[in-house]
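Data first, discussion second: the structure below is written as structure tokens.
Each ligand, and each atom within it, is numbered from 1 in the order the structure gives. The first residue in the sequence is number 1, and the count goes up from there.
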Amino acid sequence: MEFEEGDRVRVSKSGVEYEGIVMPSTTGHIVIKMNSGYNAGITPQGATVTLLQKKEDIASSGKEAAKPEITARTGLPKVSILSTGGTIASKIDYRTGAVTSQFSADDILQAIPELTEIANFSGRAIYNILSENMKASYWQELSKAVVEEIHKGADGIIIAHGTDTMMYSAAALSFMIDTPVPIVFVGSQRSADRPSSDNAMNAICAAKVAVSDIAEVSVVMHNDSSDDICAIHRATRVRKMHTSRRDAFRSVNSEPIGYVDYATGEICTSLPYIRRNERILTLKSSLVPKCALVKFTPGASPDILGWFIDAGYKGIVIEGTGLGHVSTDWIPQIERATSHRIPVMITSQCLNGRVCDRVYDTGRDILKAGAIEGEDMLPEVGLVKMMWALGQTDDYGTALDMLKQDIRCEINKRSLE
Ligand code: ASP
């Protein structure tokens, strides 16, 4: 049987049938991507292959199905969907077998027509990258695009984004923009061409939040493994906690702001939040990207910290152990950093709970060396906040005050149990 990469085939061997798309193989096996999204490698000896669909036909049927007419409806709010890439904007590239970003914002709308019942959308592709390739300058461009859309009259913004670094981008935009409308980050863990894809449900829930009263930067993703509820996480409180589960995102040291019921579209909130039009649109997008997040590990050399100081880093966040510790031999380097007016903030690898450097000797010495406590802030939020605070002021003392202050609910005054 003649078949090539990208064709849909059925392979029968020893009474078992595998159906899927032929993937590249370097081992001589027939490798197919099954509907579940998993790959199967089958030795060709004794296998029967039936061609089900040629790759050209798969491509053209996909295109035809993805072009329903989208017309604006009167009376619906306006939402801008800005696409940056990631799995939500991806499908499998059958030449390589990899998941790659291939959809624009318009394609997302075409693929999920239910969205058009919630709002009138305009789509704009800002990037088409996997979010591991995000960087601070991209957050700045993205924040400018969001503000432009709000100026143009958007009642809400959806940002389609890769899940890997979504929490960094969301935290960055949260610090940079005083927003009068909802700004909702959404992604998916499984691409649209997998039956278990979470992209449509996440996007529909995100659209509900984008037209809601929650005028904050949030991340809307599956709350559990079934298709019933999405959680609305506050941008500065959320973390991707699982590599592959659809409910990978969790709020840390906080409840989510609320939940969206997928079936009814109803939103119930569990925390106070900033309401629509409470804030005047302002953009403070200056950042100092040359900041580092350094993880302390047992026995790690203090030279690590020294390297960042000598390399001209402007701010350092340390992910310490437990209540916020590093070994005693790191303390002189902390002191060297702060004496050069490089802010040093201590956060915890525990993630849950609050840093307290007043309990043990090492903690007290860390504070004496000039470090500040990151309270119950996530380390990556500490990093983004460091970049942002240093972008707002040249004054060391003012930067320290900003870092200690709760700006976007990234610090709870008292910790939850
Ligand atoms: N690596 C991808 C990204 O973050 C994964 C995803 O989108 O879920 O862009």
Is [Y] close to [X] at the side-chain level, that is, under 4.5 Å between some pair of heavy atoms?
X    : Y    : answer
I126 : Y138 : no
R73  : E117 : yes
D7   : I21  : no
S226 : D224 : yes
R237 : D376 : yes

For [atom], what is the nearest protein heavy atom, given as residue, atom name and distance?
atom                   : value
atom 2 (C) of ligand 1 : E132 OE1, 3.7 Å
atom 4 (O) of ligand 1 : S131 OG, 2.6 Å
atom 6 (C) of ligand 1 : T87 OG1, 2.8 Å

Q) Heavy-atom contact under 4.0 Å between G85 and ligand 1? A)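 No heavy atom of G85 comes that close to ligand 1.
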Q.
I'd like to check which ligand 1 atoms, numbered from 1 as shown, lie under 4.0 Å from a non-hydrogen atom of T163.
A. 3 (C), 4 (O), 5 (C), 6 (C), 7 (O), 8 (O)
**Q.** Where ligand 1 meets G86 - atom numbers and elements under 4.0 angstrom, heavy-atom basis
**A.** 7 (O), 9 (O)
Do any side-chain atoms of residues 292-303 form donor-acceptor pairs under 3.5 angstrom with protein atoms, and if so which ones, sequence neighbours left out?
unit_1 : atom_1 : unit_2 : atom_2 : d
S301   : OG     : D303   : N      : 2.9
S301   : OG     : D303   : OD2    : 3.3

Q | D164-ligand 1 polar pair, N/O distance under 3.5 Å | A |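 For ligand 1, there is an N or O atom that lies under 3.5 Å from one belonging to D164.
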